Amino acid sequence: MRVFNFAAGPATLPLPVLEQVQRELPDWQSSGMSVMEISHRSKAFIRVAEQAEQDLRELLAVPSGYKVLFLQGGATGQFAAIPMNLATWASTVDYVNTGSWSKKALGEARTFCGKVHVAADAGGKYTSVPDQKDWVCTPDAAYLHYTPNETIGGVEFPFVPDTGGVPLVADFSSSLLSRPLDVTRFGLIYAGAQKNIGPAGLCIVIVREDLTLHARPATPSVWHYRKMAEEGSMSNTPPTFAWYVAGLVFQWLKQLGGLAAMGERNRIKAEKLYAAIDDSGFYSNPVERSCRSWMNVPFTLAKPELDKTFLAEAEAAGLTNLAGHRSVGGMRASIYNAMPLEGVEALTGFMKEFERRHG
Ligand SMILES: Cc1ncc(COP(=O)(O)O)c(C=O)c1O
């Protein structure tokens, strides 16, 4: 029996996609093999790879001056690949620190750049996004990096930063494809797949072509944007299964009406869950209202001694993986694209009932 899986990642995938994978698995496209067993250089797989890129480009309206790469090493690999490709040791790189993930990204950048400048810092509890008028940016920075959606804190930027001419680099791991996005505002967008895109093992990078041209000589070829772009992301064996499933997810998104339709679904889901939290005297969410995430909703119970009971009873009701990140505790419901409205309604119904019995 399927449960409503609120995990932050790897996360729930659309059921129609899983069913298609199941149907196709033993004998994919009458090849007598599964897609996992076929060469990445075969015509059949190249078609899958190209179609996935085309669908992703269509969903996000990616202009032709951008390369779309399907890489390995996760978003964490990109924490290193970005400074290696976009900056020298002597460059200044700007980072905005709004939570655990931006902090990790800027920590990794310090290994590769002598001048990592924190342009803005939400500090301490990470429950807000600093107003852009208070940021101190470096006019000639090699790039400015930020994390549009902090998966752990549940903080999402309500705006795209304006950087003048400085390339804007964004870790969209937990919110890419959750609503429409103007790609032209960005120099580089990256996202680990295992939340809103597909299985773990794949990392999508969308990068403006001119930013692929100045990688450091020591950049590993698997993370060298220009080399990977020239090789169709196949200078080595790519994660073929993850790529194939991501392609099916893109098709599912297109069938549902693309990112505008998905954004509307996500807005409704998030509003429902935040309303259930705010309308109760029992649950609370610490994030400033203007920057509450549509994807990751952390909340605490008025009686933390009931956390374990809450999780156990939720699990028994088919609502799983609601524990908050180990660094913050409490609860967190991740409600990515593949979480249906019924899942959120089941959760809010359960929360109400739990409060009635224990509040
Ligand atoms: C915003 C964000 N950035 C980076 C990462 C790290 O991704 P990966 O495990 O693919 O390296 C995560 C993973 O949860 C994330 O949520």
Side-chain angles (χ1 to χ4, degrees), residues 10 13-14 16-60 62-78 80-82 84-85 173 176-177 183 188-213 215-254:
L13 283 165
V17 167
L18 294 177
E19 287 171 343
Q20 184 172 349
V21 171
Q22 184 183 41
R23 276 195 308 278
E24 294 182 348
L25 200 65
D27 181 12
W28 178 68
Q29 293 190 356
S30 307
S31 64
M33 293 174 269
S34 77
V35 67
M36 283 183 281
E37 299 164 296
I38 202 161
S39 168
H40 57 294
R41 307 219 182 267
S42 63
K43 277 201 181 115
F45 188 80
I46 299 279
R47 264 199 308 274
V48 168
E50 288 178 350
Q51 187 65 49
E53 175 176 339
Q54 196 182 312
D55 288 339
L56 180 61
R57 281 183 174 276
E58 211 176 294
L59 282 164
L60 281 165
V62 179
S64 59
Y66 285 75
K67 297 291 183 190
V68 175
L69 308 176
F70 290 75
L71 304 183
Q72 297 179 71
T76 305
Q78 292 308 308
I82 288 160
M84 284 192 285
N85 279 273
S173 289
L176 194 65
L177 303 176
V183 173
L188 187 148
I189 285 168
Y190 66 105
Q194 65 272 18
K195 299 157 197 303
N196 238 0
I197 297 172
L202 178 69
C203 183
I204 304 283
V205 174
I206 302 171
V207 55
R208 218 174 59 209
E209 208 162 342
D210 58 291
L211 298 176
T212 67
L213 302 177
R216 298 180 199 187
T219 305
S221 54
V222 293
W223 285 336
H224 191 293
Y225 298 146
R226 181 181 52 74
K227 287 185 188 165
M228 270 307 215
E230 283 168 1
E231 303 266 355
S233 303
M234 291 194 196
S235 61
N236 69 325
T237 315
T240 50
F241 183 72
W243 196 329
Y244 150 78
V245 178
L248 298 182
V249 171
F250 301 153
Q251 281 168 19
W252 171 78
L253 276 168
K254 282 174 65 178

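The structure displayed is predicted, hence computed values, not measured ones.
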With rounding to the nearest 0.5 Å, note down the distance linking [atom1] in [X] to [atom2] in [Y].
X: S233; Y: K67; atom1: OG; atom2: NZ; answer: 10.0 Å
X: K43; Y: E50; atom1: NZ; atom2: CD; answer: 12.0 Å
X: K227; Y: N85; atom1: NZ; atom2: CG; answer: 10.0 Å
X: I82; Y: Y190; atom1: CD1; atom2: OH; answer: 4.0 Å
X: S39; Y: M234; atom1: OG; atom2: CE; answer: 8.5 Å
X: I46; Y: Q51; atom1: CD1; atom2: CD; answer: 13.5 Å

If you take all heavy atoms of [X] and [Y], which pair is closest and at what distance?
X: S31; Y: I38; result: CB-CD1, 4.3 Å
X: S173; Y: K195; result: O-CD, 3.4 Å
X: E209; Y: S64; result: OE1-O, 4.3 Å
X: R226; Y: T212; result: CB-O, 3.1 Å
X: K254; Y: D55; result: NZ-OD1, 2.8 Å
X: L56; Y: V62; result: O-CG2, 4.3 Å

> Would T240 and V35 count as a side chain to side chain contact (heavy atoms under 4.5 Å, CB included) if you check the C-alpha gap in whole Å, the side-chain angles of each, and the deciding distance to 0.1 Å?
Replying inline: CA-CA 8 Å; T240 50; V35 67; 5.8 Å; no

> Is there side-chain contact between I204 and F70, with heavy atoms separated by less than 4.5 Å?
Replying inline: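 Of all side-chain heavy-atom pairs linking F70 with I204, at least one is under 4.5 Å.
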
> Is I197 close to V249 at the side-chain level, that is, under 4.5 Å between some pair of heavy atoms?
Replying inline: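 Contact flag for V249/I197 side chains = no.
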
> Applying the side-chain contact (heavy atoms from CB on, under 4.5 Å) test to Y225, which of V205, L211, T219 qualifies?
Replying inline: V205

> What's the verdict on side chain to side chain contact (heavy atoms under 4.5 Å, CB included) for L202 and Y244, showing C-alpha distance, side-chain angles and the deciding distance?
Replying inline: CA-CA 10 Å; L202 178 69; Y244 150 78; over 6 Å; no

>> side chain to side chain contact (heavy atoms under 4.5 Å, CB included), that's the test. Do Y66 and I189 meet it? Break it down for me.
In response: CA-CA 10 Å; Y66 285 75; I189 285 168; over 6 Å; no

>> Please tell me whether E24 and Q20 have a donor and an acceptor in their side chains that are separated by less than 3.5 angstrom.
In response: yes

> Looking only at atom types and distance, does a side-chain atom of W223 sit under 3.5 Å from a main-chain N or O of M228, one as donor and one as acceptor?
Replying inline: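 Not a single qualifying donor-acceptor pair exists.
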
> Which word best sums up how the rings of F45 and W243 line up, parallel for under 30°, tilted for 30 to 60°, or perpendicular for over 60°?
Replying inline: perpendicular

